[in-house]
Novice: 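Quick one: the structure is below, and I'll ask about it shortly.
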Amino acid sequence: MAALQNDRLLRALLRQPVDRTPIWIMRQAGRYLPEYRATRERAGSFMDLCRNPELACEVTLQPLERFELDAAILFSDILTVPDAMGLGLYFEAGEGPRFERPVRTARDVDALPVPDPEDELGYVMDAVRTIRRALAGRVPLLGFSGSPWTLATYMVEGGSSKEFAHSKGLLYGQPAVLHALLDKLARAVTAYLNAQVAAGAQALMIFDTWGGTLTPAAYGEFSLRYMRQVVEGLTREHEGRPVPVILFTKGGGQWLERQADTGCDALGLDWTLDIGDARARVGERVALQGNMDPGVLYGSAQAIRNEVTRILADFGPYPGHVFNLGHGIHQHIDPENVRVLVDAVHELSAPYHSPGG
């Protein structure tokens with residue numbers, strides 16, 4: 001593999017000195033870019049795009065051609081793992097992802113296979129290898145997965161949900177069934193992420209999109225416990241350097257200290273937290289990623305620069321900050337505003353770092 005020319009992201013995730021605060025953007029390869037929309041149309045559907053390693057590579061690289069980002073993130077979807085378990089993933093217009101065969105009983109859970117990442121999910125590993133070659137060391141490549149709890153909600157509900165009626169019905173009515181499902185998912189996610197590392201991913205992120213819907217007690221038992229299980233099973237060094245791991249629970253800022261105890265290297269923050277307060281709470285235990293409100297990108301260039309200035313000042317002159325949005329970029333954002341954001345982070349963060357990193 002080519003030598004890494006820009007390792008700001010990896011160094012920041014390990015709380016090492018950098019010359020500028022690195023930035024990447026959740027969903028940076030996505031619908032706000034016209035070139036992405038054109039590639040997706042050529043692919044035929046979203047999942048056809050995910051399953052085509054060459055096209056997945058193409059859209060992964062598109063934002064890097066426009067913006068001076070410090071990382072690429074694998075173009076894929078969190079539902080690839082449940083799909084590989086044979087649940088019949090499909091996309092309903094206007095409703096998002098759906099599963100033909102939801103998982104709601106002990107028998108359903110027992111019947112689920114743990115997918116072989118190089119077999120049923122081989123197209124993802126082929127995409128990782130293709131992207132890593134195409135990057136040629138330009139920036140690091142992030143791999144990712146959904147958390148066991150988040151994946152379970154889609155599998156049990158049969159798709160997206162606002163009330164999580166079936167998931168919480170299992171949680172409070174048949175917790176043993178839910179634990180069996182989460183354990184199987186934790187094993188599948190661990191194998192999936194380790195296969196991404198073997199294929200070339202240089203850092204990993206676990207998206208716990210729906211962890212914030214739980215009570216504090218349920219979060220610990222049904223979400224955090226299984227993310228810890230995943231983290232403990234991950235490959236943490238490859239190609240002679242550490243492989244940092246980021247955990248992100250949307251709506252989970254009240255539990256940062258507990259998240260930091262998992263052994264991860266960094267925590268993602270949504271925009272409901274003050275990043276300076278978060279840093280004070282976790283101290284030197286983990287790096288922090290975040291946490292600008294994506295809605296700021298609907299504003300003026302000066303408004304964007306002002307918010308970058310505020311977030312950088314809140315974090316302060318400490319190692320371990322990766323600038324990002326507090327969630328995925330919105331579909332209707334003007335790409336030129338993303339350029340303003342990326343350039344502002346690099347320019348305005350320099351005074352917080354010693355010369356030469």
Side-chain angles (χ1 to χ4, degrees), residues 1-26 28 60-61 63-73 131-132 135-143 200-205 236-246 248 264-269 275-276 278-280 282-292 296-297 301-302 304-326 329 337-357:
M1 294 286 188
L4 191 55
Q5 301 153 30
N6 174 355
D7 66 351
R8 279 185 194 128
L9 174 79
L10 302 183
R11 291 175 64 83
L13 290 173
L14 297 170
R15 302 189 66 260
Q16 297 173 355
V18 290
D19 62 334
R20 301 283 192 277
T21 300
I23 177 172
W24 69 278
I25 295 169
M26 287 185 276
Q28 64 188 26
T60 297
L61 298 182
L64 274 68
E65 298 305 315
R66 278 186 179 254
F67 317 119
E68 293 294 324
L69 294 157
D70 293 296
I73 183 166
I131 296 163
R132 183 71 191 277
L135 283 170
R138 181 174 171 183
V139 294
L141 174 61
L142 273 158
Q202 291 152 292
L204 299 171
M205 184 158 172
R236 302 299 285 273
E237 186 172 332
H238 188 62
E239 300 176 331
R241 68 186 303 160
V243 180
V245 179
I246 311 162
F248 174 50
C264 66
D265 298 287
L267 298 177
L269 308 178
I275 198 167
R279 191 197 60 77
V282 300
E284 300 181 356
R285 294 159 65 194
V286 290
L288 295 176
Q289 177 178 280
N291 62 331
M292 197 176 86
V296 174
L297 292 174
Q302 190 57 54
I304 294 166
R305 287 178 62 87
N306 289 348
E307 189 67 1
V308 169
T309 298
R310 186 191 67 77
I311 291 170
L312 291 171
D314 282 350
F315 189 87
Y318 305 97
H321 183 200
V322 173
F323 205 104
N324 208 316
L325 303 179
I329 189 169
N337 284 354
V338 176
R339 185 186 312 281
V340 171
L341 169 64
V342 173
D343 292 348
V345 170
H346 286 152
E347 173 196 343
L348 298 171
S349 67
Y352 291 94
H353 304 279
S354 59

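Sequence positions, counted from 1, serve as the residue numbers for this chain. Hydrogens, waters and symmetry mates are skipped; everything else that's a heavy atom, side chains included, is used.
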Novice: If you define the side chain from C-beta out and look only at heavy atoms, does anything of Q28 sit under 4.5 Å from L64?
Specialist: yes
Novice: Under the side chain to side chain contact (heavy atoms under 4.5 Å, CB included) test against V308, which residue among I23, L348, V340 passes?
Specialist: L348
Novice: More than 12 foreign heavy atoms under 6.0 Å from CD of E65: is that the case here?
Specialist: yes
Novice: Is any side-chain heavy atom of L10 less than 4.5 Å from a side-chain heavy atom of R241?
Specialist: yes
Novice: Does the side-chain contact (heavy atoms from CB on, under 4.5 Å) test come out yes or no for N324 and N291, once each step is laid out?
Specialist: CA-CA 6 Å; N324 208 316; N291 62 331; over 6 Å; no
Novice: Could you report the tightest heavy-atom contact between L142 and W24, atom names first, then the distance?
Specialist: CD1-CE2, 3.4 Å
Novice: Would you say that L267 contacts F248 through its side chain, given a criterion of any heavy-atom pair below 4.5 Å between the two side chains?
Specialist: no
Novice: Could you walk me through whether C264 and I246 satisfy the side-chain contact (heavy atoms from CB on, under 4.5 Å) test, starting with their C-alpha distance in whole Å, then the side-chain angles of each, then the deciding distance to 0.1 Å, before giving a yes or no?
Specialist: CA-CA 6 Å; C264 66; I246 311 162; over 6 Å; no
Novice: When D265 is tested against each of R236, R285, R11 for salt bridge (charged side-chain N to carboxylate O under 4.0 Å, His left out), which residue passes?
Specialist: R236
Novice: Under 4.5 Å between any side-chain heavy atoms of P242 and L14, yes or no?
Specialist: yes
Novice: Taking all non-hydrogen atoms of both residues into account, name the closest pair between V342 and L69 and its distance.
Specialist: CG2-CD2, 3.8 Å
Novice: Apply side-chain contact (heavy atoms from CB on, under 4.5 Å) to residues L9 and V139 and explain how you reach the verdict.
Specialist: CA-CA 8 Å; L9 174 79; V139 294; over 6 Å; no
Novice: Find out whether V322 and L13 are in side-chain contact, i.e. whether some heavy atom of one side chain is under 4.5 Å from a heavy atom of the other.
Specialist: yes
Novice: Where is the tightest heavy-atom contact between P319 and Q16, given as atom of each residue plus distance?
Specialist: CB-O, 4.2 Å
Novice: Can you check whether L141's main-chain N or O pairs, donor with acceptor, with Q202's side chain at less than 3.5 Å?
Specialist: yes
Novice: If I compare all heavy atoms of P140 with all of L4, which pair ends up nearest, and what's the gap?
Specialist: N-CD1, 3.6 Å
Novice: Are there over 12 heavy-atom neighbours, none belonging to Q5, within less than 6.0 Å of that residue's CD?
Specialist: yes
Novice: Measure the acute angle between the ring planes of F323 and H321, then classify it against the limits of 30° and 60° as parallel, tilted or perpendicular.
Specialist: tilted
Novice: Looking at side-chain heavy atoms only, is the closest gap between L325 and L297 below 4.5 Å?
Specialist: yes
Novice: Working note: E68 + R339, criterion salt bridge (Lys or Arg N to Asp or Glu O under 4.0 Å); need CA distance, chi angles, decisive distance, verdict.
Specialist: CA-CA 8 Å; E68 293 294 324; R339 185 186 312 281; over 6 Å; no
Novice: Without swapping roles, check the side chain of N6 against the backbone of R8 for a donor-acceptor pair under 3.5 Å.
Specialist: yes
Novice: Taking all non-hydrogen atoms of both residues into account, name the closest pair between A201 and L204 and its distance.
Specialist: CB-CD2, 4.3 Å
Novice: Using side-chain hydrogen bond (donor to acceptor under 3.5 Å, both in side chains) as the criterion, point out the one residue from T21, D19, D70 that pairs with H346.
Specialist: D70
Novice: Does any part of the side chain of M292, heavy atoms only, come nearer than 4.5 Å to the side chain of L341, both counted from C-beta?
Specialist: yes
Novice: Minimum heavy-atom separation for A72 and T60, please, with both atom names.
Specialist: CB-CG2, 4.0 Å
Novice: To the closest 0.5 Å, what do you measure between CE (M205) and CE (M26)?
Specialist: 5.0 Å
Novice: After noting the C-alpha distance and the side-chain angles of R279 and E284, does the key distance pass the salt bridge (Lys or Arg N to Asp or Glu O under 4.0 Å) rule?
Specialist: CA-CA 8 Å; R279 191 197 60 77; E284 300 181 356; over 6 Å; no
Novice: Could you measure the distance from the CG atom of D314 to the CD1 atom of I275? Nearest 0.5 Å is fine.
Specialist: 8.0 Å
